[in-house]
Amino acid sequence: MSEVRVRFPPSPTGYLHIGGARTAIYNWLFARKHGGKFILRIEDTDADRSTQESIDGILDGMKWLGIDWDEGPYFQTEFAGEHVEKAQQLLADGHAYKCFCTKEDLDAKREAAMAAKKQLGYDGTCRNLTSDEVAHKEAAGIPYVVRFKVPHKDGVVSYDDKVLGLIKRKYSEIEDFVIVRSNGKPLYLLCNVVDDIRDRISHIIRGQDHMTNTTRQILIYEALGAKIPVFAHMPLTLDLKKAKISKRSHGEIVAVQFYQQHGFLPWALVNFLVLLGWNPGDDREIFSKEELIETFSLERINKAASIFNYRKGDPKFFTDPKAININAQYLRTIPVEELAGYVKEELQANDLWDDAYEGDKKEWFLKTLEMIRERFHTIKDFVADGRAYFTDDFQINEKALKKNVLKHPGLKEWLPMLADRFDQLPELTTEEAERVAREFAEEIEVKVGIPINAARAVITGQLKGPSMFELFELFGKERVVSRLRNAPKYFEDQS
RNA sequence: GUCCCCAUCGUCUAGUCUGGUCCAGGACACCGGCCUUUCACGCCGGCAACGCGGGUUCGAAUCCCACUGGGGACGCCA
């Protein structure tokens, strides 16, 4: 295979959404796997809808995901001159012609065709205009568009899709499509090809929604005398109702940024996305970057569309459960030092960061993360459910309070008593804490779970958490004693 | 409507090219159990699918044909 060069050409008309990100990821993986180049090209020819904000959003999203590009970002508008030039060339070579039909006429014809239930498409009215007629209309100042002259011949345009196999389409079913607007600006179908030729793109990996574009663009490649790249059409991502996912109907949930804001690890999102429409052929689901690059192949991309399993308003899963699961798996398996970096950002954003976590308290900090990360799903959980580990200013979980504290009125006295016992210990170790707690429970004749669960509630604010005996040591005598002694206030607050 | 593509558990999917090893495997989710001071992790178990109908064949999830279903495209958007 000659040099592999692939590209990701988003149009900056909105944020980077997960479908686009997945396309970028597949291209990027393919480039990395074959030692090729991954090119980022912003297709901003639609001036009305393109925004700088959107460009920034796309770039930021790519960077966050760790999808790095080798060339670009190029901007399509910078090559406008070349696009016009190529359009003229097609015109001069007889591969295109000027069409003076008005928009109104065409709309009327389209409606008529629709009503007659016939194939839609341009009828070729201006295709056979003589040069005199063209000159006359031009002289009269009638605006025109440039249409590509699809060869009138039997047979099919075909290409060997790396995902779908041989795809064919009859010439007779391809209409003479517009390549230049009446204002002189070339359209996507042309610009895209011209840019891909200039960028020496070898493989075009894009969504199946581009399939009809592909047959038309192949015609342009041929007319321009350029080598036709290899095409691979990826399956689309749909929602549970099998509708294409979009910002309009799904909102933030399909934005990459959403996952950044909701505590996802970037690589976990990449890992989830890549599995939506591709599989390695074995049972592996979690991949390091190197493993994924090594394993990825176009041939193992699925043909059928995949569904992004998101239920709006689901009380338990704010996005696809598999995505959350994969994120949670990463959360509890990546090196704790790496996790610390993400948690640091989150703590800083919530004014809970202490520089000592990278100094004197580093060991404590890492140990804490190690203990609590097991039951968390996103980085956000560290400041939500994990708040009490990092500050005295926390709210006790209401359920935990009711179920593990208030339910047993005796705890109002027992907890401070337990605090006293701990206080007398020279050192509050896991072993000592367990011994003392068990002895105490026996004395007051309750199951050890009662004071222990209550202690968890008042110390961590949570209903659930790591082994309480280990937590006593983790929190340290001072904080444990103070929070236990503080327990009676919860009873008073109620009355 | 026309053209193109697709079709295995609720979801992501393996298996389809090269028919038998598949009364269909894994993962998520869900349910039950073990572990346990709680929850989680982990482990064990369960629920759950080859869209329908024909054909070819000794044998079909796998090949063929219809049907049905789903998606996409049909812009002077990209």
Side-chain angles (χ1 to χ4, degrees), chain A residues 9-13 43-46 48-50 76 99 103 106-107 110 113-121 143-147 161 163-165 167-170 173-175 177-183 185 187-189 191-192 207-215 233 235-236 238 240 242-244 272 275-286 302-311 316-317 320-326 328 332 372-376 385 400 403-404 434 437-438 441 447-457 460 462-469:
Chain A
S11 66
T13 54
E43 306 221 319
D44 54 350
T45 53
D46 186 347
D48 295 343
R49 295 194 301 152
S50 299
Q76 196 162 51
C99 169
K103 213 169 184 174
L106 295 175
D107 286 347
R110 187 174 297 121
M114 195 79 100
K117 301 186 173 178
K118 287 209 292 217
Q119 185 183 346
L120 275 49
Y144 63 87
V145 298
V146 177
R147 286 184 185 273
D161 190 293
V163 172
L164 300 169
I167 305 296
K168 304 177 204 172
R169 194 169 170 211
K170 293 193 184 94
E173 267 147 10
I174 306 173
E175 66 169 322
F177 51 93
V178 178
I179 54 177
V180 181
R181 294 180 173 98
S182 55
N183 66 6
K185 295 236 160 74
L187 260 357
Y188 167 80
L189 248 9
C191 300
N192 189 251
Q208 287 180 5
D209 51 345
H210 279 285
M211 285 178 74
T212 51
N213 287 335
T214 297
T215 42
H233 290 100
L236 267 16
L238 312 175
L240 269 176
K242 303 211 169 172
K244 208 170 148 181
F272 165 72
L275 252 18
L276 216 54
W278 173 88
N279 73 82
D282 54 40
D283 290 340
R284 284 177 298 163
E285 291 200 320
I286 301 294
N302 294 128
K303 296 178 175 184
S306 49
I307 291 170
F308 174 60
N309 190 12
Y310 157 67
R311 289 169 202 279
K316 193 165 174 187
F317 301 105
D320 191 314
K322 187 102 184 179
I324 294 177
N325 175 275
I326 288 175
R332 58 175 185 264
I372 61 180
R373 66 168 164 175
E374 201 106 300
R375 64 219 82 210
F376 289 166
D385 295 348
K403 190 177 167 196
N404 290 340
E434 174 158 11
R438 288 194 188 281
K447 283 191 290 187
V448 73
I450 291 173
I452 285 303
N453 288 331
R456 185 191 332 279
T460 71
Q462 297 294 306
L463 191 59
K464 48 196 184 176
S467 158
M468 200 54 222
F469 300 124

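To find a chain, count down the sequence lines: A is the first, B the second, and so on, and within it residues start at 1.
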Q: Using the P atom as the reference point in each nucleotide, state the distance between B/U16 and B/C3 in Å, no decimals.
A: 32 Å

Q: Quote, to the nearest angstrom, the C1' distance that separates B/C23 from B/A61.
A: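 One C1' to the other, the span is 13 Å.
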
Q: I'd like to check the side chain to side chain donor-acceptor pair (under 3.5 Å) partners of A/Asp161; sequence neighbours left out, ordered by chain and number.
A: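 Only A/His233 meet the side chain to side chain donor-acceptor pair (under 3.5 Å) criterion with A/Asp161.
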
Q: NA contact type, A/Met468, heavy-atom cut-off 4.0 Å: base, sugar-phosphate, or nothing?
A: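 Answer is base: heavy atoms of A/Met468 come under 4.0 Å of a base.
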
Q: How would you list, by chain and number, every residue that makes a side chain to side chain donor-acceptor pair (under 3.5 Å) with A/Thr215, sequence neighbours excluded?
A: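 Result, side chain to side chain donor-acceptor pair (under 3.5 Å) vs A/Thr215: A/Arg169.
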
Q: Describe the nucleic acid contact of A/Ile324 in one word from base, sugar-phosphate, nothing, applying a heavy-atom distance below 4.0 Å.
A: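 The residue A/Ile324 makes no contact with any strand.
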
Q: Just jot down the salt bridge (charged side-chain N to carboxylate O under 4.0 Å, His left out) partners of A/Arg49, sequence neighbours excluded, or say none.
A: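 So A/Arg49 forms a salt bridge (charged side-chain N to carboxylate O under 4.0 Å, His left out) with A/Asp46.
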
Q: Rounding to an integer number of angstrom, what distance separates B/C50 and B/C41 when you compare their P atoms?
A: 30 Å

Q: Regarding A/Ser306, tell me which of base, sugar-phosphate or nothing describes its non-hydrogen contacts under 4.0 Å with the strands shown.
A: sugar-phosphate

Q: Got a sec, which residues hit salt bridge (charged side-chain N to carboxylate O under 4.0 Å, His left out) with A/Asp282, two or more places apart in sequence or on another chain?
A: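 Expected list: A/Arg284.
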
Q: Using the test salt bridge (charged side-chain N to carboxylate O under 4.0 Å, His left out), find all partners of A/Lys403 that sit at least two apart in sequence or belong to another chain.
A: none

Q: Identify, with sequence neighbours excluded, every residue that meets side chain to side chain contact (heavy atoms under 4.5 Å, CB included) alongside A/Arg373.
A: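 Scan of A/Arg373 (side chain to side chain contact (heavy atoms under 4.5 Å, CB included), adjacent residues dropped) gives A/Arg332, A/Ile334, A/Val336, A/Leu339, A/Glu370, A/Phe382.
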
Q: Taking the P atom in each of B/U68 and B/G53, what is the distance between them to the nearest angstrom?
A: 15 Å

Q: When all nucleic acid strands are considered with a 4.0 Å heavy-atom cut-off, which category describes A/His210: base, sugar-phosphate, or nothing?
A: base

Q: Distance check, C1' atoms only: B/G19 and B/C6, in whole angstrom units.
A: 22 Å

Q: Taking atom C1' in both B/A7 and B/C30, what distance in whole Å separates the two?
A: 25 Å

Q: What does the B/S/- profile of nucleotides 39-49 of chain B look like, 5' to 3', with a 4.0 Å heavy-atom cutoff to protein?
A: BBSS-------

Q: Under a 4.0 Å N-O cut-off, is there an ion pair linking A/Lys244 with A/Asp209?
A: yes

Q: List for me each residue that meets salt bridge (charged side-chain N to carboxylate O under 4.0 Å, His left out) alongside A/Lys322, sequence neighbours excluded, and say none if there are none.
A: A/Glu285

Q: Mind checking A/Lys447 for me? I need base, sugar-phosphate or nothing, with any heavy atom below 4.0 Å counting as a touch.
A: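 The answer is nothing, as A/Lys447 stays clear of every strand by at least 4.0 Å.
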
Q: What's touching nucleotides 62-71 of chain B from the protein side, N or O pairs under 3.5 Å?
A:
none

Q: Is it the case that the base of B/A27 and the side chain of A/Lys322 share a donor-acceptor contact (distance under 3.5 Å, atom types as modelled)?
A: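 Counting by modelled atom types and ignoring angles, a donor-acceptor contact under 3.5 Å is found here.
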
